[in-house]
Visitor: 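The structure follows.
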Amino acid sequence: MDFVSEFRQYISSVTTALGKPLDDSSYEIIDRGVPHKPAGLPFGKMGVYTFWYNGRFLKIGKAGPNSDARFRSQHYGFNAASTLAGSIMSDSEMLALGITEGDAGDWIKKNCRRIDILIDASVGIFALELVEGILHYVYEPKYEGFKTQR
């Protein structure tokens with residue numbers, strides 16, 4: 001699937017419909033593939049990160065310009081609330097794949113396609129939240145929100 005083009009189309013159509021289009025030069029979409037190697041937030045950027053596995057987005061989240069650890073590494077471990085690794089370890093369907101707490105981070109890197117959207121911090125935090133919201137709305141990631149809300 002060509003998520004780079006799809007993401008760009010959604011971002012363009014929604015922000016244009018709202019009367020505040022995001023210029024293509026104000027953001028970059030990077031498909032890190034599978035397996036993937038996480039990268040940090042460049043100076044002056046904020047980002048939306050996505051993790052795709054087996055036909056579904058597992059997690060879509062955001063990190064502001066001062067949240068490099070959240071963007072780069074936290075989802076591969078258990079040192080913060082609401083990480084992808086933690087969600088996987090709470091899911092019996094995923095545990096049936098033989099994933100353990102000791103290898104969850106490596107499993108994510110080896111098996112999940114990661115696609116990042118780097119956005120110029122100068123466009124503001126509301127643009128970041130909108131882009132994340134658009135992707136949540138379209139793709140309904142497995143591990144977003146409370147189970148009772150899904």
Side-chain angles (χ1 to χ4, degrees), residues 1-91 94 99 101 103-146 149-150:
M1 297 195 73
D2 183 5
F3 287 116
V4 172
S5 295
E6 207 168 277
F7 288 6
R8 190 169 297 285
Q9 176 190 0
Y10 289 132
I11 292 166
S12 176
S13 63
V14 171
T15 61
T16 298
L18 293 172
K20 295 175 76 175
L22 276 182
D23 185 270
D24 284 350
S25 66
S26 66
Y27 66 96
E28 175 184 10
I29 303 170
I30 302 168
D31 188 342
R32 300 199 186 281
V34 57
H36 70 268
K37 183 178 179 186
L41 281 172
F43 179 78
K45 302 286 184 181
M46 50 192 180
V48 173
Y49 48 82
T50 72
F51 295 93
W52 169 268
Y53 172 72
N54 199 24
R56 182 168 191 191
F57 281 99
L58 299 180
K59 181 95 177 149
I60 297 173
K62 68 179 181 298
N66 298 317
S67 299
D68 182 65
R70 180 112 189 118
F71 191 82
R72 176 191 310 260
S73 59
Q74 283 181 351
H75 285 287
Y76 303 94
F78 305 93
N79 55 344
S82 180
T83 67
L84 178 55
S87 296
I88 287 171
M89 296 310 298
S90 298
D91 182 346
M94 297 299 280
I99 304 166
E101 216 171 276
D103 69 5
D106 287 335
W107 184 91
I108 293 167
K109 291 173 192 171
K110 290 176 187 170
N111 294 281
C112 293
R113 180 178 176 188
R114 180 168 171 161
I115 305 165
D116 295 333
I117 304 172
L118 300 176
I119 304 170
D120 293 345
S122 63
V123 302
I125 199 74
F126 297 124
L128 175 69
E129 291 175 354
L130 178 62
V131 170
E132 179 196 35
I134 292 166
L135 299 184
H136 280 171
Y137 185 76
V138 172
Y139 299 109
E140 299 180 0
K142 184 174 186 175
Y143 302 124
E144 290 300 334
F146 297 105
Q149 296 173 330
R150 288 186 223 131

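All of these numbers come straight from a predicted model, not from anything done at the bench.
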Visitor: Distance check, rounded to the nearest 0.5 Å: S5 atom OG versus Y10 atom OH?
Guide: 11.5 Å
Visitor: Does any non-hydrogen side-chain atom of V131 lie less than 4.5 Å from one of F126?
Guide: no
Visitor: Tell me, do Q74 and N79 make a side-chain contact under 4.5 Å, heavy atoms counted?
Guide: yes
Visitor: Working note: K142 + Y53, criterion side chain to side chain contact (heavy atoms under 4.5 Å, CB included); need CA distance, chi angles, decisive distance, verdict.
Guide: CA-CA 10 Å; K142 184 174 186 175; Y53 172 72; over 6 Å; no
Visitor: Could I get the full list of side-chain hydrogen bond (donor to acceptor under 3.5 Å, both in side chains) partners for H136, not counting sequence neighbours?
Guide: none
Visitor: How many angstroms lie between atom CG of L84 and atom CD1 of I108, to the nearest 0.5 angstrom?
Guide: 4.0 Å
Visitor: On a heavy-atom basis, which atom in G77 and which in A85 lie closest, and how many Å separate them?
Guide: O-CB, 3.4 Å
Visitor: Quick one: list whatever passes side-chain hydrogen bond (donor to acceptor under 3.5 Å, both in side chains) with N111, sequence neighbours left out.
Guide: none
Visitor: Report the distance from atom CG of N66 to atom CG of L41, rounding to the nearest 0.5 Å.
Guide: 9.5 Å
Visitor: Quick one: side-chain contact (heavy atoms from CB on, under 4.5 Å) partners of E140, sequence neighbours excluded?
Guide: none
Visitor: Identify, with sequence neighbours excluded, every residue that meets side-chain hydrogen bond (donor to acceptor under 3.5 Å, both in side chains) alongside D116.
Guide: R32, R114
Visitor: Answer with yes or no whether the side chains of K59 and S82 bring together a donor and an acceptor at under 3.5 Å.
Guide: yes
Visitor: Do you know the tightest heavy-atom contact between H75 and T83?
Guide: ND1-CA, 3.4 Å
Visitor: Minimum heavy-atom separation for P42 to G40, with atom names?
Guide: CD-O, 3.4 Å
Visitor: By side-chain hydrogen bond (donor to acceptor under 3.5 Å, both in side chains), which residues pair with N54, not counting sequence neighbours?
Guide: none
Visitor: Using salt bridge (charged side-chain N to carboxylate O under 4.0 Å, His left out) as the criterion, list what pairs up with D103, not counting sequence neighbours.
Guide: none
Visitor: Just jot down the side-chain contact (heavy atoms from CB on, under 4.5 Å) partners of S67, sequence neighbours excluded, or say none.
Guide: A63, R70
Visitor: Any non-hydrogen side-chain atom of C112 less than 4.5 Å from a side-chain atom of V34?
Guide: no
Visitor: Check side-chain contact (heavy atoms from CB on, under 4.5 Å) between P21 and all other residues, then give those that pass, not counting sequence neighbours.
Guide: T15, T16
Visitor: Which residues pass the ring-ring contact (aromatic ring centres under 6.0 Å, His included) test with Y139, sequence neighbours left out?
Guide: F3, F7, F57
Visitor: What pair of heavy atoms forms the shortest contact from V4 to I29, and how long is it?
Guide: O-CD1, 3.6 Å
Visitor: With side chains defined as the heavy atoms from C-beta onward, is the minimum distance between T50 and I117 less than 4.5 Å?
Guide: no
Visitor: Which residue pairs pass the salt bridge (Lys or Arg N to Asp or Glu O under 4.0 Å) test when at least one of the two sits in residues 120-133, sequence neighbours left out?
Guide: K45-D120, K62-E132
Visitor: On a heavy-atom basis, which atom in M46 and which in G124 lie closest, and how many Å separate them?
Guide: CE-O, 2.9 Å
Visitor: Applying salt bridge (charged side-chain N to carboxylate O under 4.0 Å, His left out), can you list everything that pairs with D31, at least two apart in sequence or on another chain?
Guide: R113
Visitor: Is there a side-chain contact between K37 and K109, using heavy atoms and a 4.5 Å cut-off?
Guide: no
Visitor: Report yes if some heavy atom in the side chain of S26 is under 4.5 Å from a heavy atom in the side chain of I119; otherwise report no.
Guide: no
Visitor: Heavy atoms, side chains only, cut-off 4.5 Å: are M94 and L58 in contact?
Guide: yes
Visitor: When rounded to the nearest 0.5 angstrom, what distance separates CZ in R56 from OH in Y143?
Guide: 8.5 Å
Visitor: Go through it in stages, so that I can follow the logic: the residues are D91 and M89, the test is side chain to side chain contact (heavy atoms under 4.5 Å, CB included), and I'd like the CA-CA distance, side-chain angles, deciding distance and then a yes or no.
Guide: CA-CA 6 Å; D91 182 346; M89 296 310 298; over 6 Å; no
Visitor: Could you give all pairs that pass the salt bridge (Lys or Arg N to Asp or Glu O under 4.0 Å) test and reach residues 2-17, with sequence neighbours left out?
Guide: R8-D24
Visitor: Is it the case that Y76 and D106 place a side-chain donor and acceptor less than 3.5 Å from each other?
Guide: no
Visitor: I need the I88 CD1 to F78 CZ distance, nearest 0.5 Å.
Guide: 8.5 Å
Visitor: OH of Y49 to CG of L135: how many Å apart, nearest 0.5 Å?
Guide: 12.5 Å
